[in-house]
Amino acid sequence: AQSVAQPEDQVNVAEGNPLTVKCTYSVSGNPYLFWYVQYPNRGLQFLLKYITGDNLVKGSYGFEAEFNKSQTSFHLKKPSALVSDSALYFCAVRDPRENNDMRFGAGTRLTVKP
Amino acid sequence: DAGVIQSPRHEVTEMGQEVTLRCKPISGHDYLFWYRQTMMRGLELLIYFNNNVPIDDSGMPEDRFSAKMPNASFSTLKIQPSEPRDSAVYFCASSKRQARSYEQYFGPGTRLTVT
């Protein structure tokens, strides 16, 4: 069975500083990994995904994530945070060999302070 | 494309009433998902369809909940009778055929309040 964990409920960073939102996963095979962002009173919005290939994936709004198979992690990063990045971030995993759908993490609330 | 469309955006009802939430997926998408989001439980998958057929409804909390997809462009989630603990934001999402590597696209959600 597949699962995903986001170990931090909340991450606080200062504007202009780099940010990292952590995600670890558990899948028996090679995973498909996704990051979504949710702004207040909105649905989840796709940011980026890792399917295969380069371990560093670049996505929307300057975000990127690095797939690390040995550490079973897929941390979301951004070199310089903006106040407008403040939102709820979800990591999700799917096992391509399983006939079921993706599993979402509990979410991490990112707050960027001016 | 207009994206995933959900209606109503807000619903306030009294306990015991029937509630119907509606969703129009993105044209050409063959998978449709219903989620519920609460502070306590986070994001929960309730049910999903492939080509209008329910594939996994193990997340449906109880028999008061039912979902249908009569055609490729419309789905409903019904709660009858509703209870205060059903208060949540309900999201519909869709994705493409052979969707294993495809992301899901979410609607704006329906905020349900049961008093």
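Here is the naming used below: chain letters follow the sequence lines, and residue numbers restart at 1 for every chain.
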* **Under 4.5 Å from any heavy atom of chain A - which part of B:Arg9** => side chain

* Whether A:Tyr36 side chain and B:Glu103 backbone form a donor-acceptor pair below 3.5 Å -> no

* To do: Take atom CZ of B:Arg64 as the centre, draw a 6.0 Å sphere, and report whether it contains more than 12 heavy atoms from other residues, nucleotides or ligands.
  => yes

* For the residue pair B:Gln37 and A:Leu88, what are the closest heavy atoms and their distance? -> NE2-CD2, 4.1 Å

* Is it the case that one hydrophobic cluster holds both A:Val57 and A:Phe34, taking links as side-chain heavy atoms less than 4.5 Å apart, direct or via other members? -> no

* Neighbour count >12 (heavy atoms, 6.0 Å) for atom CG, B:Asp63 -> no

* Structure fact -> For B:Tyr102 and A:Lys49 the tightest heavy-atom approach is CA-NZ, 4.1 Å

* Asked: Same hydrophobic cluster for A:Phe104 and A:Val27, using side-chain heavy-atom links shorter than 4.5 Å among ILVMFWY?
  -> no

* Structure fact -> For B:Phe106 and A:Leu44 the tightest heavy-atom approach is CB-O, 3.3 Å

* **Per-residue contact mode, A:Gln45 against chain B (heavy atom under 4.5 angstrom)** => neither

* To do: Would you indicate whether B:Glu62, at its atom CD, is surrounded by more than 12 heavy atoms from other residues, nucleotides or ligands within a distance under 6.0 Å?
  => yes

* Among the listed options B:Cys92, B:Pro108, B:Gly42, B:Gly109, the residue most often paired with chain A at heavy-atom distances under 4.5 Å -> B:Pro108

* Asked: Should B:Met60 and B:Leu112 be counted in the same cluster of Ile, Leu, Val, Met, Phe, Trp and Tyr side chains packed under 4.5 Å apart?
  -> yes

* To do: Please indicate whether A:Asn68 has more than 12 foreign heavy atoms, meaning atoms of other residues, nucleotides or ligands, lying under 6.0 Å from its CG.
  => yes

* Asked: Passes side-chain contact (heavy atoms from CB on, under 4.5 Å), A:Met102 versus B:Phe33? Steps please.
  -> CA-CA 11 Å; A:Met102 66 171 65; B:Phe33 309 84; over 6 Å; no

* Heavy-atom distance under 4.5 Å to chain A: side chain of B:Tyr105, backbone, both or neither? -> neither

